[in-house]
Amino acid sequence: MSDAFQAALENTFTLKVLLVILVSASYGLFVGAIPGLTATMAVALMVPFTFFLDPVSGLAAIVTMEACCIFAGDIPTTLMRIPGTPSSAAYVDDAYCLTQQGRHQQALGVSLVYSVVGGLVGALVLIFLAPQLARIAFEFSSYEYFWLCVLGLSCAAVVSRGSIAKGLIALSIGLLLSCVGLGSTHSVPRLTFGIDELITGINFIPAMIGLFGLAEVLRNFAKINPELSSPDRATRTDRSTVTGNWLSRGVAEVFGGLIPRLKKSGSRIASSSAIGSAIGMLPGAGADIAAWVSYAVSKRRSTPEEKEQYGKGSLDGIADATTANNASLAGAWIPALVLGIPGDSVTAIVIGVLLMKNIQPGPGIFHDPVQLPLVYGIYITFILANLLLIPLGFLAIRAGSLIIRIPRQIILPLILMFCIVGAFAINGSYFDVGVMLVMGLLGVVLERFEVPAGPVVLGIILGGRLEEAFVQSLTKSDSLTAFFGRPIAAGLGVLCIVLWLAPVISWMRRPRLATQPSPPLEHR
Amino acid sequence: MLLHQFTDMATRIEDRNSGRLIQPFTLALLISVCLTGCQKSSEYPSRPITLVCPWAVGGGTDRVSRQIAVFLESELGTPVNVVNATGGQGVTGHSRGLRAKPDGYTISMMTLELSMLHWRNLTDLTWEDAAPLMSLNEDPAALFVKADSEFQTVKDLEAAIEDRPEELKASGTAALAAWHLALAGWLISLDQNPTDVIWMPSQGSAPSLQELMTGDLDLVCCSLPEAKSLLVSGDIRCLGVMADDRQASDDFKDYPTLKEQGSDWALTGWRGLGIAKDTPPEIQEKLVTVLKRIVGGKARVNGESFPEFMDRQGFDHTSRPTTEFADFLKRNDEMFGVILNRPEFQSVQSGPVGPNVFPAIAGGMFGLSLIIVLAGASRRPTASITGIAAANNIVDAATPHAIFLSGCAVAAVIFHMLAADTLGFVTTSAIILFLTSKLLGERLLTSAIVAIVASVGIYQLFSGLLRVPLPIGSFLLF
């Protein structure tokens with residue numbers, strides 16, 4: 001242990017590796033902040049270069065980039081209402097509401113610090129529990145995945161802004177959209193209406209950019225009246241109100257009030273990170289479900305006054321969801337390192353890189369004297385990357401916040417352009433730009449009737465997986481009792497049912513307004 | 001900050017020159033054209049090449065695509081960008097790659113699925129639409145069971161299938177996709193019915209192997225490299241490899257083939273490069289020459305060769321050039337024709353749940369919740385609009401002028417979709433940025449400067465730094 005650890009320290013703390021970490025952190029922040037480009041994309045672009053790096057630097061680059069990329073996704077989420085990643089979709093309304101109140105730096109400060117905390121806790125889980133936890137993946141068959149998908153979707157529908165019935169409308173739209181095209185479960189094209197391109201299906205990235213980003217642009221276009229108002233430059237005048245030099249002013253604006261908040265939120269951090277790590281380490285379930293479940297748990301445990309804030313700028317909601325989605329990143333490395341089964345698309349690439357460096361992921365990796373230092377190297381980089389994220393993320397927030405000061409008649413066309421390019425970039429196709437446009441119009445309609453857009457996105461993402469798990473389960477056994485046949489499946493199933501019954505029960509006992517205790521998610 | 005100074009400066013300049021309206025924009029457009037480069041060269045390749053990969057980022061095909069792109073880039077001296085055109089079980093990517101303009105600037109990564117999709121009537125694209133350049137890799141399918149399975153050899157498995165038809169469950173990919181047909185072909189070669197083993201559709205080999213480990217599946221059929229980690233750790237056992245001979249690599253040379261065990265079935269997953277059929281022969285020749293150097297290990301990037309890379313990844317690197325590749329494709333195509341033309345595969349396999357059940361449930365849920373909402377709304381007609389909607393006054397905003405402005409934004413997106421391929425990304429974007437910011441009331445010169453700087457900037461950012469190929473436009477180059 002100690003020899004390998006010392007070797008890992010020596011390998012990691014070299015000028016070259018530290019430089020690689022710094023460069024990839026900046027690159028990760030940059031790519032993540034651009035709408036439409038995902039962490040997976042950033043890592044994939046990087047892979048040909050890792051070929052020429054030594055294993056320590058190559059893996060350090062990927063770990064750092066991933067951690068920075070996921071946080072950076074919160075920047076366009078907060079400032080432009082374009083979620084950088086699907087996991088940001090859980091709290092996009094909260095973050096954007098804060099921006100409209102002029103509190104964007106505070107929102108991003110919370111997002112940054114809790115991302116780092118979640119990332120660090122996730123890394124500790126990976127470091128100390130990876131070999132013990134990895135085998136849990138083998139307890140998860142289609143029954144458990146079915147309930148996990150139902151749980152994620154239920155959380156989105158139950159906790160989202162507005163009534164539960166409206167959440168359900170949004171969810172069913174998402175599920176219907178997920179059926180479009182040629183899926184893997186049924187090998188026949190569905191809901192394509194004779195349009196050949198629709199066989200591809202609806203990609204969630206252009207859908208997300210449309211539902212949130214373009215819808216917001218369209219609404220803002222409608223609000224501007226050039227004949228009545230002169231160009232709006234008022235936002236530039238408020239700079240003199242805050243005193244001090246650039247750095248202390250920035251620190252006050254971004255990190256102000258965070259220390260007392262952190263001191264209060266120990267148990268929230270613990271449960272959010274536990275949810276994040278637990279869901280992250282399951283292959284095929286990742287940051288997106290983790291963020292929604294954590295957001296739902298966060299709302300459930302709040303007081304009625306705090307609950308009112310959810311969806312309208314709740315810092316607690318942002319903090320808990322972002323803790324969970326960052327904790328899930330390290331979780332995804334657990335099955336990848338221990339079993340060689342990728343926990344998400346980034347770790348799928350990582351396994352390729354490991355093989356390229358003659359490292360075979362699997363239980364043996366912890367006993368091989370050559371490979372063990374490398375594993376410790378990954379651990380150390382996880383910690384380093386998250387710590388480095390604080391200063392770099394701070395700079396990114398300060399730079400990004402300048403966007404707010406650009407006059408609207410300039411920034412709106414630019415955001416419109418970024419919506420187009422972001423939708424185009426993921427598949428290099430103008431069909432996706434069309435999807436983005438249709439989703440933008442849908443977003444405006446949904447907003448008009450106060451139907452939340454978040455569950456639509458989650459429905460598109462999880463619809464395919466849900467249907468697959470459902471069909472697989474029924475292929476294995478005809479009886480519905482099999483869905484409760486195993487302890488974990490039964491537990492998750494009961495949890496889902498409780499989640500749906502709770503609002504019904506509280507509706508029946510309405511005069512008393514009793515709040516249900518939060519479900520014991522951490523015990524899974 | 002820079003932008004403020006820009007806009008301030010622009011405002012000042014414009015105040016002095018008020019009245020001269022259109023010149024700045026025209027001038028700036030010209031500058032933008034020069035900045036993006038409009039070189040016209042007859043030597044191929046004179047601009048970046050796009051490599052279309054039909055499968056998602058992170059998978060095996062994506063890894064091979066990205067690596068061959070690095071070698072092509074260094075040999076051809078021009079950027080080679082990988083685009084993942086996913087969806088439709090490979091239809092999307094293959095069509096995009098092989099139906100692109102035959103100018104040599106779109107190369108297609110082709111996979112096994114090209115040989116089977118048209119037999120399933122999902123596309124009319126066949127291998128004959130491609131000019132095959134070079135196959136890069138052939139990984140055979142293999143049968144895997146859990147380490148504690150009762151099946152020690154393929155013979156045990158064959159006996160069990162014969163005794164208990166339609167009882168064993170297998171997975172590896174979607175229904176009717178490559179590994180399903182590999183299993184079906186093997187069953188046919190045993191004179192069994194291809195439906196004697198129940199196929200559970202899944203996203204791919206990784207989730208299937210995980211299901212195998214939970215004990216819910218009896219068998220997984222996928223390629224050897226996909227199962228390598230669990231094989232090495234001893235969690236699963238390989239019963240037989242669907243190849244003519246044993247694998248050459250040290251990792252897999254100990255696993256017996258099906259042929260050794262008395263079966264006559266082999267199926268290989270392959271990957272290779274092709275290009276649109278009408279591509280000029282001299283361009284095809286140039287690409288093949290370069291590819292021969294790469295697969296022959298003569299091309300090196302930072303001291304590494306392509307075969308070395310493939311070895312390390314656990315990929316086989318058998319390659320076949322043009323005509324040999326075409327021959328291979330023809331045989332492959334015929335083989336899948338035989339399997340997919342069987343009566344079992346003619347009708348859609350519905351399994352326990354038909355393809356319409358899930359959309360029906362979702363649709364029902366939609367209808368039900370809509371009724372609840374409408375009922376609730378009619379009971380409480382005074383319900384006021386709250387939340388974000390109220391904060392943004394969107395209800396008040398529905399004036400004709402507001403609708404006109406939003407309509408302009410929608411029109412801008414549609415214009416971009418229609419015009420970018422002809423006018424190019426930079427010109428189209430500049431026009432949209434200029435017109436929309438002018439429409440929203442920005443000063444003329446500022447709009448023009450922002451339009452030029454931003455469109456060129458975004459183009460350079462995506463095309464150069466992030467390697468997302470944006471449309472160049474035909475009239476600038478040709």
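So that the names make sense, note that chain A is the first sequence line, chain B the second, and so on, each numbered from 1.
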>> Measuring only between side-chain heavy atoms, which start at C-beta, is A/Y145 closer than 4.5 Å to B/P207?
In response: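 A/Y145 vs B/P207: side chains apart.
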> So what's closer than 4.5 Å to chain A heavy atoms on B/V413: side chain, backbone, both or neither?
Replying inline: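 Backbone plus side chain of B/V413, per the 4.5 Å heavy-atom cut-off to chain A.
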>> Among B/R120, B/R467, B/M310, which residue has the highest count of heavy-atom pairs closer than 4.5 Å to chain A?
In response: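 When all of B/R120, B/R467, B/M310 are compared, B/R120 has the most.
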> Using a cut-off of under 4.5 Å for heavy-atom pairs, which of B/V83, B/T86, B/V232 has the most such pairs with chain A?
Replying inline: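 So the answer, after comparing B/V83, B/T86, B/V232, is B/T86.
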> How far apart are the closest heavy atoms of A/I34 and B/F462, and which atoms are they?
Replying inline: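 A/I34 and B/F462 have their closest heavy atoms at CG2-CZ, 3.5 Å.
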>> Restricting to non-hydrogen atoms, name the atom on B/L465 and the atom on A/F30 that form the minimum distance, rounded to 0.1 Å.
In response: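 Closest approach of B/L465 to A/F30: CD2-CE2, 3.7 Å.
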> Given B/S202 and A/E468, is the side-chain hydrogen bond (donor to acceptor under 3.5 Å, both in side chains) satisfied, shown in steps?
Replying inline: CA-CA 7 Å; B/S202 79; A/E468 185 183 272; 5.7 Å; no
Heavy atoms only, distances under 4.5 angstrom: which of [options] has the most pairs with chain B? Name it, please.
options                        : value
A/P335, A/A137, A/P189, A/G440 : A/A137
A/P283, A/G464, A/G181         : A/P283
A/A425, A/S345, A/G201         : A/A425

>> Does anything in residues 207-216 of chain B form a salt bridge (charged side-chain N to carboxylate O under 4.0 Å, His left out)? List the pairs, not counting sequence neighbours.
In response: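 Residue pairs passing salt bridge (charged side-chain N to carboxylate O under 4.0 Å, His left out), neighbours aside: A/K476-B/E211, A/K476-B/D216, A/R486-B/D216.
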> What part of A/L198 is in contact with chain B, defined as an atom under 4.5 angstrom from a non-hydrogen atom: side chain, backbone, both or neither?
Replying inline: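 The answer is neither part of A/L198.
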>> Under 4.5 Å from any heavy atom of chain B, what part of A/L37 do you find: side chain, backbone, both or neither?
In response: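 When you check distances to chain B, only side chain atoms of A/L37 fall under 4.5 Å.
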> Has the side chain of A/Q409 got a donor or acceptor atom that lies under 3.5 Å from a matching backbone atom of B/K438?
Replying inline: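 No.
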Would you be so kind as to tabulate the donor-acceptor pairs closer than 3.5 Å made by side chains of residues 353-376 of chain B, with sequence neighbours excluded?
unit_1: B/S369; atom_1: OG; unit_2: B/M365; atom_2: O; d: 2.6
unit_1: B/S369; atom_1: OG; unit_2: B/F366; atom_2: O; d: 3.1

